[in-house]
Amino acid sequence: MDETTMPRRLAGRTAAVTGGGRGIGAVLAHRLAAEGADVAVLDLIDEAPETARRIGEETGATTCAVRCDVTDEAGVDAAFGEVEETLGRPVDVLVTAAGIAHNVDAHEASAADFRRVVDVNLTGTFLCAARVARRLIETDRPGSIVTIASMSGHIVNIPQPQAAYNSSKAGVIMLTKSLALEWIGHGIRVNAVSPGYIATPMTRAVSESDPEMYAEWVRRTPLGRVGTPEDLAPLVAFLASDEAGFLVGSDVLADGGYLLG
Ligand code: NDP
């Protein structure tokens with residue numbers, strides 16, 4: 001869809017996308033901007049300012065990039081404060097795409113390995129969602145939060161050993177439901193998207209180092225291909241918008257049919 005036929009369901013909104021510097025988050029940030037939102041790209045990577053600049057240029061939206069480690073409570077607080085100051089309004093659309101994967105046999109994994117994955121994927125989602133909700137509740141505004149979970153929160157997908165990742169994503173799904181119930185009385189909807197395999201820098205590392213594993217992912221996906229971040233973008237924009245007004249605590253699978261097999 002080109003920019004001229006794009007729905008503008010997010011006009012007047014202020015969106016933030018964690019992990020928005022590249023991969024899924026960058027494409028989601030682009031879509032939110034194309035649908036009319038001002039967008040802040042929150043990430044640790046050095047490409048984030050360039051991603052925000054490109055999105056602004058391509059969509060005409062006001063964008064900014066703020067360096068943010070989602071595991072650092074004080075840093076998260078400061079980052080969202082900076083976004084509000086730069087964009088002029090509190091964030092009322094949040095997409096939490098920051099995440100890491102670490103494949104290691106569970107019996108070989110250290111506590112630090114395990115904690116790091118849970119810290120980024122689960123605690124980081126909590127800290128950002130809570131920061132955004134706190135400000136919305138304080139200023140009596142509605143909002144929408146979309147968490148990026150994973151089909152790995154539903155199944156133990158194989159062949160890669162990723163107990164921490166699977167556990168963290170199952171946690172994100174339950175966190176999403178818990179927050180949805182707590183905050184719906186304040187007009188804040190929280191929903192999750194659980195993608196199947198998506199072609200990004202995260203999965204490219206595997207396709208390059210272990211083509212057989214990558215081929216297995218494709219073979220196990222009934223649609224016959226891995227997804228792209230663009231496959232997720234319309235869904236996330238919909239969930240963020242008022243069109244999804246009756247969706248509260250939903251977890252939408254976007255996996256090319258993987259969980260059917
Ligand atoms: P990428 O690795 O391409 O992008 C993730 C981004 O998040 C990176 O820029 C990464 O930076 C950033 N990030 C990592 N840790 C932090 C942190 N502590 N604070 C802020 N930013 C951080 O991954 P994807 O785009 O593939 O994944 C996006 C989300 O989608 C993740 O939550 C992932 O688990 C989920 N997902 C991905 C699937 C896939 O197949 N790709 C499938 C299902 C879910 P850095 O380089 O520093 O790590």
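Counting convention: from 1, in listed order, for ligands and their atoms alike. These values consider heavy atoms only, across backbone and side chains, with no hydrogens, waters or symmetry-generated copies.
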Below 4.0 angstrom from a heavy atom of D69, which ligand 1 atoms are there? Numbered from 1 as shown, please.
17 (C), 18 (N), 19 (N)
Ligand 1 versus T203, non-hydrogen atoms closer than 4.0 Å: side chain, backbone, both, neither?
side chain
Is R54 salt-bridged to E58, going by a charged N under 4.0 Å from an acidic O?
yes
Parallel, tilted or perpendicular for Y197 and Y258, by the 30°/60° rule?
perpendicular
Strictly below 4.0 Å, N to O, side chains only: are K169 and D251 in salt-bridge contact?
no
Suppose I only count heavy atoms of Y197 and a 4.0 Å limit; which atoms of ligand 1 are within that range?
40 (O)
Determine, considering heavy atoms only, which of D43, L28, V27, V17 sits nearest to atom 13 (N) of ligand 1.
D43
Provide, to 0.1 Å, the distance between atom 32 (O) of ligand 1 and the closest protein heavy atom, together with that atom's residue and name.
K169 NZ, 2.9 Å
Report the member of L42, I45, V117, T96 with the shortest heavy-atom distance to atom 45 (P) of ligand 1.
I45
Please state which option from V41, V76, I24, T125 has its nearest heavy atom closest to atom 37 (C) of ligand 1.
I24
What atoms in ligand 1 come closer than 4.0 Å to a heavy atom of C68?
19 (N), 20 (C)
Looking at I100, which atoms of ligand 1 are within less than 4.0 Å of one of its heavy atoms?
14 (C), 15 (N)
Just jot down the ligand 1 atoms closer than 4.0 angstrom to any heavy atom of G19, in number order.
6 (C), 7 (O)
Can you sort out which atoms of ligand 1 are near G196, meaning under 4.0 Å from one of its heavy atoms?
40 (O), 42 (C), 43 (C)
In R131, R141, R135, the residue satisfying salt bridge (Lys or Arg N to Asp or Glu O under 4.0 Å) with E84 is R135
Within ligand 1, which atoms have a heavy atom of G23 less than 4.0 Å away?
3 (O), 25 (O)
Filtering L127, I198, V206 for the heavy atom nearest atom 41 (N) of ligand 1 leaves I198
Identify whether the distance between the nearest side-chain nitrogen and carboxylate oxygen of R134 and E138 falls below 4.0 Å.
no
E47/R22 ion pair, N-O < 4.0 Å:
no
Is the shortest N/O to N/O distance between T200 and ligand 1 below 3.5 Å?
yes
Just how far is it from atom CD1 of I198 to atom OG1 of T228, taken to the nearest 0.5 Å?
6.5 Å
Just checking L181: does its CG atom have more than 12 heavy atoms from other residues, nucleotides or ligands closer to it than 6.0 angstrom?
no
Would you check the N or O atoms of Y165, main chain and side chain alike, for any that come under 3.5 Å of an N or O of ligand 1?
yes
Note: ligand 1 atoms sitting under 4.0 Å from heavy atoms of P201 are 3 (O)
